Amino acid sequence: MTAPLLSPKDFEFPAIALSGIVDHGMYLHFKNCLGSAPQQGLVVVEISTLGGDPEIARLMGEDIRFHSDLYPQRRLVFLGKTAVYSAGATFMSFFATENRYLTRGTRLMIHERLITKTVQLAGPLSTCIATLKANLNEIETSIAIQNEGFQNLILGSRVTMDELLQKAPENWYLEANEAQALGLVAAVL
(Lines give C-alpha, C1' and ligand atoms only; values in the text may rest on other atoms or scores of the structure.)
Protein backbone atom coordinates (compact mmCIF):
# COMPACT_ATOMS: atom_id res chain seq x y z
CA MET A 1 0.00 0.00 0.00
CA THR A 2 1.42 3.37 -1.03
CA ALA A 3 1.40 6.20 1.49
CA PRO A 4 -0.83 9.15 0.59
CA LEU A 5 0.77 12.16 -1.10
CA LEU A 6 1.30 15.02 1.34
CA SER A 7 0.46 18.70 0.86
CA PRO A 8 2.63 21.74 1.67
CA LYS A 9 0.57 22.28 4.86
CA ASP A 10 1.88 18.93 6.19
CA PHE A 11 5.40 20.39 6.19
CA GLU A 12 4.60 23.61 8.06
CA PHE A 13 6.23 22.57 11.35
CA PRO A 14 9.01 20.01 10.81
CA ALA A 15 9.88 18.01 13.93
CA ILE A 16 13.53 17.86 12.85
CA ALA A 17 15.21 20.75 11.02
CA LEU A 18 18.81 20.26 9.91
CA SER A 19 21.09 22.60 8.01
CA GLY A 20 24.79 22.87 7.39
CA ILE A 21 27.55 20.31 7.16
CA VAL A 22 26.66 16.70 7.90
CA ASP A 23 28.93 16.08 10.88
CA HIS A 24 28.86 14.93 14.52
CA GLY A 25 27.21 18.17 15.61
CA MET A 26 24.37 17.67 13.13
CA TYR A 27 24.05 14.05 14.26
CA LEU A 28 23.72 15.03 17.93
CA HIS A 29 21.04 17.61 17.07
CA PHE A 30 19.26 15.08 14.85
CA LYS A 31 19.38 12.35 17.52
CA ASN A 32 18.01 14.72 20.17
CA CYS A 33 15.14 15.85 17.91
CA LEU A 34 14.35 12.29 16.82
CA GLY A 35 14.13 11.22 20.46
CA SER A 36 11.66 14.05 21.15
CA ALA A 37 9.54 13.50 18.02
CA PRO A 38 6.04 12.02 18.30
CA GLN A 39 5.93 8.22 18.16
CA GLN A 40 2.94 8.22 15.84
CA GLY A 41 1.67 10.26 12.94
CA LEU A 42 3.68 12.37 10.55
CA VAL A 43 7.24 13.39 11.47
CA VAL A 44 8.99 15.67 8.97
CA VAL A 45 12.79 15.67 8.76
CA GLU A 46 13.89 18.81 6.90
CA ILE A 47 17.46 19.24 5.63
CA SER A 48 19.55 21.65 3.61
CA THR A 49 23.20 20.68 3.22
CA LEU A 50 26.16 21.05 0.92
CA GLY A 51 27.37 17.65 2.14
CA GLY A 52 29.72 16.30 4.73
CA ASP A 53 30.64 12.97 6.26
CA PRO A 54 28.94 10.08 4.42
CA GLU A 55 29.29 7.81 7.47
CA ILE A 56 27.40 10.31 9.63
CA ALA A 57 24.71 10.45 6.93
CA ARG A 58 24.51 6.65 7.04
CA LEU A 59 24.34 6.75 10.84
CA MET A 60 21.40 9.17 10.71
CA GLY A 61 19.82 7.02 8.00
CA GLU A 62 20.16 3.88 10.10
CA ASP A 63 18.40 5.72 12.95
CA ILE A 64 15.56 6.52 10.53
CA ARG A 65 15.35 2.87 9.48
CA PHE A 66 15.51 1.64 13.09
CA HIS A 67 12.88 4.09 14.35
CA SER A 68 10.60 3.26 11.42
CA ASP A 69 10.66 -0.35 12.59
CA LEU A 70 10.23 0.60 16.26
CA TYR A 71 7.22 2.85 15.63
CA PRO A 72 5.35 1.60 12.54
CA GLN A 73 2.45 3.96 13.33
CA ARG A 74 4.79 6.88 12.65
CA ARG A 75 5.58 8.14 9.13
CA LEU A 76 9.05 9.66 8.85
CA VAL A 77 9.21 11.96 5.83
CA PHE A 78 12.22 13.67 4.21
CA LEU A 79 12.01 17.29 3.03
CA GLY A 80 15.02 18.62 1.13
CA LYS A 81 15.30 22.40 0.88
CA THR A 82 17.57 24.43 -1.43
CA ALA A 83 20.51 21.98 -1.53
CA VAL A 84 20.72 18.26 -0.81
CA TYR A 85 24.27 17.50 -1.82
CA SER A 86 26.45 14.47 -1.34
CA ALA A 87 25.91 13.19 2.23
CA GLY A 88 22.44 14.77 2.13
CA ALA A 89 21.52 12.50 -0.79
CA THR A 90 22.97 9.56 1.14
CA PHE A 91 20.68 10.44 4.07
CA MET A 92 17.71 10.79 1.71
CA SER A 93 18.32 7.26 0.39
CA PHE A 94 17.21 5.82 3.75
CA PHE A 95 13.67 7.14 3.25
CA ALA A 96 11.23 5.24 1.05
CA THR A 97 10.68 7.11 -2.22
CA GLU A 98 7.06 7.81 -1.22
CA ASN A 99 8.43 9.66 1.82
CA ARG A 100 10.87 11.91 -0.07
CA TYR A 101 9.93 15.49 -0.91
CA LEU A 102 11.85 18.51 -2.20
CA THR A 103 10.97 22.20 -2.26
CA ARG A 104 10.85 24.00 -5.60
CA GLY A 105 14.26 24.83 -6.98
CA THR A 106 16.10 22.45 -4.67
CA ARG A 107 19.12 20.77 -6.20
CA LEU A 108 20.34 17.27 -5.50
CA MET A 109 23.97 16.41 -6.05
CA ILE A 110 25.06 12.80 -6.21
CA HIS A 111 28.68 11.78 -6.49
CA GLU A 112 31.07 9.01 -5.69
CA ARG A 113 32.75 8.91 -2.31
CA LEU A 114 36.00 10.83 -2.23
CA ILE A 115 39.37 9.87 -0.83
CA THR A 116 42.56 11.83 -0.37
CA LYS A 117 45.37 9.69 0.86
CA THR A 118 49.11 9.41 0.57
CA VAL A 119 50.47 5.89 0.81
CA GLN A 120 53.97 5.70 2.20
CA LEU A 121 55.94 2.54 1.67
CA ALA A 122 58.86 1.81 3.98
CA GLY A 123 60.30 -1.34 5.47
CA PRO A 124 60.41 -4.96 4.40
CA LEU A 125 58.82 -5.65 1.02
CA SER A 126 56.22 -8.03 2.46
CA THR A 127 55.07 -5.24 4.77
CA CYS A 128 54.78 -2.93 1.77
CA ILE A 129 52.46 -5.42 0.07
CA ALA A 130 50.29 -5.58 3.20
CA THR A 131 50.08 -1.78 3.29
CA LEU A 132 49.02 -1.63 -0.35
CA LYS A 133 46.45 -4.41 0.11
CA ALA A 134 45.02 -2.66 3.18
CA ASN A 135 44.53 0.53 1.18
CA LEU A 136 42.98 -1.37 -1.72
CA ASN A 137 40.63 -3.16 0.70
CA GLU A 138 39.58 0.22 2.13
CA ILE A 139 38.78 1.55 -1.35
CA GLU A 140 36.89 -1.59 -2.41
CA THR A 141 34.83 -1.62 0.78
CA SER A 142 34.03 2.08 0.41
CA ILE A 143 32.86 1.47 -3.16
CA ALA A 144 30.63 -1.39 -1.97
CA ILE A 145 29.09 0.84 0.75
CA GLN A 146 28.65 3.66 -1.77
CA ASN A 147 26.91 1.36 -4.24
CA GLU A 148 24.56 -0.01 -1.55
CA GLY A 149 23.49 3.60 -0.94
CA PHE A 150 23.10 4.21 -4.66
CA GLN A 151 20.87 1.12 -4.93
CA ASN A 152 18.66 2.45 -2.10
CA LEU A 153 18.52 5.89 -3.69
CA ILE A 154 17.31 4.63 -7.07
CA LEU A 155 15.04 1.82 -5.83
CA GLY A 156 11.74 2.09 -7.69
CA SER A 157 12.91 5.02 -9.83
CA ARG A 158 13.59 5.28 -13.56
CA VAL A 159 17.32 5.69 -12.90
CA THR A 160 19.44 2.63 -13.61
CA MET A 161 22.55 1.74 -11.66
CA ASP A 162 24.60 1.96 -14.86
CA GLU A 163 23.32 5.49 -15.48
CA LEU A 164 24.08 6.55 -11.91
CA LEU A 165 27.56 5.03 -11.97
CA GLN A 166 28.24 6.86 -15.24
CA LYS A 167 27.13 10.27 -13.88
CA ALA A 168 28.32 10.09 -10.26
CA PRO A 169 32.08 10.51 -10.90
CA GLU A 170 31.37 13.94 -12.44
CA ASN A 171 28.94 15.17 -9.71
CA TRP A 172 25.40 14.64 -10.96
CA TYR A 173 23.21 17.67 -10.24
CA LEU A 174 19.44 17.31 -10.52
CA GLU A 175 16.83 20.02 -10.10
CA ALA A 176 13.82 19.07 -7.94
CA ASN A 177 11.38 18.62 -10.85
CA GLU A 178 13.90 16.44 -12.69
CA ALA A 179 14.34 14.30 -9.55
CA GLN A 180 10.57 13.89 -9.37
CA ALA A 181 10.27 13.05 -13.07
CA LEU A 182 12.93 10.34 -12.60
CA GLY A 183 11.02 8.92 -9.63
CA LEU A 184 13.69 9.73 -7.03
CA VAL A 185 11.22 11.74 -4.92
CA ALA A 186 7.45 11.63 -4.43
CA ALA A 187 6.74 15.30 -5.06
CA VAL A 188 8.01 18.87 -5.26
CA LEU A 189 6.37 21.42 -2.97
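Not measured: the values here are computed from a predicted model.
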Item to complete: Evaluate the criterion side chain to side chain contact (heavy atoms under 4.5 Å, CB included) for residue pair Lys31 and Leu59; output intermediate values, then yes/no.
Response: CA-CA 10 Å; Lys31 189 77 169 164; Leu59 181 59; over 6 Å; no

Worksheet entry | Beyond-backbone contact of Ile145 with Glu55, side-chain heavy atoms, under 4.5 angstrom | yes

Worksheet item: Does Gly20 offer a backbone N or O that forms a donor-acceptor pair with the side chain of Thr49 under 3.5 Å?
Response: yes

Discussion item. For Phe95, is there any backbone N or O sitting under 3.5 Å from a side-chain donor or acceptor partner on Arg100?
Written reply: yes

Response to the item:
Here the gap from Phe91 atom CZ to Arg58 atom CZ, rounded to the nearest 0.5 Å, amounts to 13.5 Å

Worksheet item: Can we say Arg158 and Glu163 salt-bridge, meaning some charged N sits less than 4.0 Å from an Asp/Glu carboxylate O?
Response: no

Item to complete: Give the intermediate values and the outcome of side chain to side chain contact (heavy atoms under 4.5 Å, CB included) for residues Arg107 and Tyr85.
Response: CA-CA 8 Å; Arg107 299 298 193 274; Tyr85 290 1; 3.9 Å; yes

Worksheet item: So, do Val119 and Leu121 sit near enough that their side-chain heavy atoms are less than 4.5 Å apart?
Response: yes

Worksheet item: Under the 3.5 angstrom rule, does the side chain of Asp69 hit a backbone N or O of Phe66 as a donor-acceptor pair?
Response: no

Worksheet item: What is the distance from atom NZ of Lys167 to atom CD of Glu112, rounded to the nearest 0.5 Å?
Response: 14.5 Å

Fill in: Side-chain (Ser68) to main-chain (Ile64) donor-acceptor, under 3.5 angstrom
yes

Practice prompt. Find out whether Val45 and Met60 are in side-chain contact, i.e. whether some heavy atom of one side chain is under 4.5 Å from a heavy atom of the other.
Written response: no

Discussion item. Ring centroids only, cut at 6.0 angstrom: are Tyr101 and Phe78 within range, meaning strictly under it?
Written reply: no

Worksheet item: From Asn152 CG over to Glu148 CD, what is the distance, rounded to the nearest 0.5 angstrom?
Response: 8.0 Å

Worksheet item: Do you reckon Met92 sits in the same ILVMFWY cluster as Leu6, going by side-chain contacts under 4.5 Å, direct or chained?
Response: no

Worksheet item: Is any side-chain heavy atom of His67 closer than 4.5 Å to a side-chain heavy atom of Leu76?
Response: yes

Discussion item. Go through it in stages, so that I can follow the logic: the residues are Leu102 and Leu189, the test is side chain to side chain contact (heavy atoms under 4.5 Å, CB included), and I'd like the CA-CA distance, side-chain angles, deciding distance and then a yes or no.
Written reply: CA-CA 6 Å; Leu102 299 175; Leu189 306 173; over 6 Å; no

Response to the item:
The reported gap from CD in Glu46 to CG in Leu18 (rounded to nearest 0.5 angstrom) is 8.5 Å

Worksheet, complete the sentence: Residues Val22 and Gly88: closest non-hydrogen pair is CG2-N, 4.5 Å

Item to complete: Please confirm whether the backbone N or O of Asn32 pairs with a side-chain atom of Ser36, one donor and one acceptor, at under 3.5 Å?
Response: yes

Discussion item. I want to check something: taking the side chain as every heavy atom from C-beta on, are Lys9 and Ser7 in contact at a cut-off of under 4.5 Å?
Written reply: yes

Response to the item:
All heavy atoms of Ser86 vs all of His111, minimum pair found to be OG-NE2, 2.7 Å

Item to complete: Mind checking the CZ-CG spacing from Phe150 to Leu155? Nearest 0.5 Å is all I need.
Response: 15.0 Å

Practice prompt. Say whether, by atom type as modelled, one donor and one acceptor occur between the side chain of Arg75 and the main chain of Gln73 under 3.5 angstrom.
Written response: no

Worksheet item: Taking all atoms of both residues into account, what is the closest heavy-atom pair of Val159 and Ser157, and its distance?
Response: N-OG, 3.1 Å

Fill in: Contact summary for Gly105 and Ala176, nearest pair of heavy atoms
N-CB, 4.3 Å

Response to the item:
Closest non-hydrogen contact found for Ala15 with Cys33 is O-CB, 4.0 Å

Fill in: Co-membership, hydrophobic cluster, residues Leu153 and Leu182, 4.5 Å side-chain
yes

Response to the item:
Tracing side-chain contacts under 4.5 Å among Ile, Leu, Val, Met, Phe, Trp and Tyr outward from Ile143 reaches Ile115, Ile139

Item to complete: Decide yes or no on side chain to side chain contact (heavy atoms under 4.5 Å, CB included) for Leu42 and Phe11, but give the supporting numbers first.
Response: CA-CA 9 Å; Leu42 182 66; Phe11 295 89; 6.0 Å; no

Fill in: Check: Gln146 and Ser142 side chains under 4.5 Å, non-hydrogen atoms
no

Discussion item. Same cluster or not: Ile56 versus Phe94, using hydrophobic residues (I, L, V, M, F, W, Y) connected whenever any side-chain heavy atoms lie under 4.5 Å apart?
Written reply: no

Worksheet item: Closest heavy-atom contact between Gly149 and Ser93?
Response: O-CB, 3.8 Å

Discussion item. Can a side-chain donor-acceptor contact be found between Thr106 and Thr82 if the only test is distance below 3.5 angstrom?
Written reply: no

Worksheet item: Can you tell if the side chain of Ile21 reaches within under 4.5 Å of the side chain of Met26, non-hydrogen atoms only?
Response: no

Practice prompt. Tell me, yes or no, whether the heavy-atom count around Leu125 atom CG, taken from other residues, nucleotides or ligands under 6.0 Å, exceeds 12.
Written response: no

Worksheet item: Do Tyr71 and Ile16 belong to the same hydrophobic cluster, where Ile, Leu, Val, Met, Phe, Trp and Tyr are linked whenever their side-chain heavy atoms lie under 4.5 Å apart, directly or via other members?
Response: no

Fill in: Distance in Å, Gln166 CD paired with Thr160 OG1, rounded so as to fall on 0.5 Å steps
8.5 Å

Worksheet item: Is Lys133 close to Ile129 at the side-chain level, that is, under 4.5 Å between some pair of heavy atoms?
Response: yes

Discussion item. Please give the remaining members of the hydrophobic cluster of Leu136, linking ILVMFWY side chains under 4.5 Å, ordered by chain and number.
Written reply: none

Item to complete: Consider only side-chain heavy atoms of I, L, V, M, F, W and Y, link residues closer than 4.5 Å, and tell whether Val43 and Phe30 are in one cluster.
Response: yes

Practice prompt. Classify the side-chain pair Asp63/Tyr27 by whether it contains a donor and acceptor separated by less than 3.5 Å.
Written response: yes

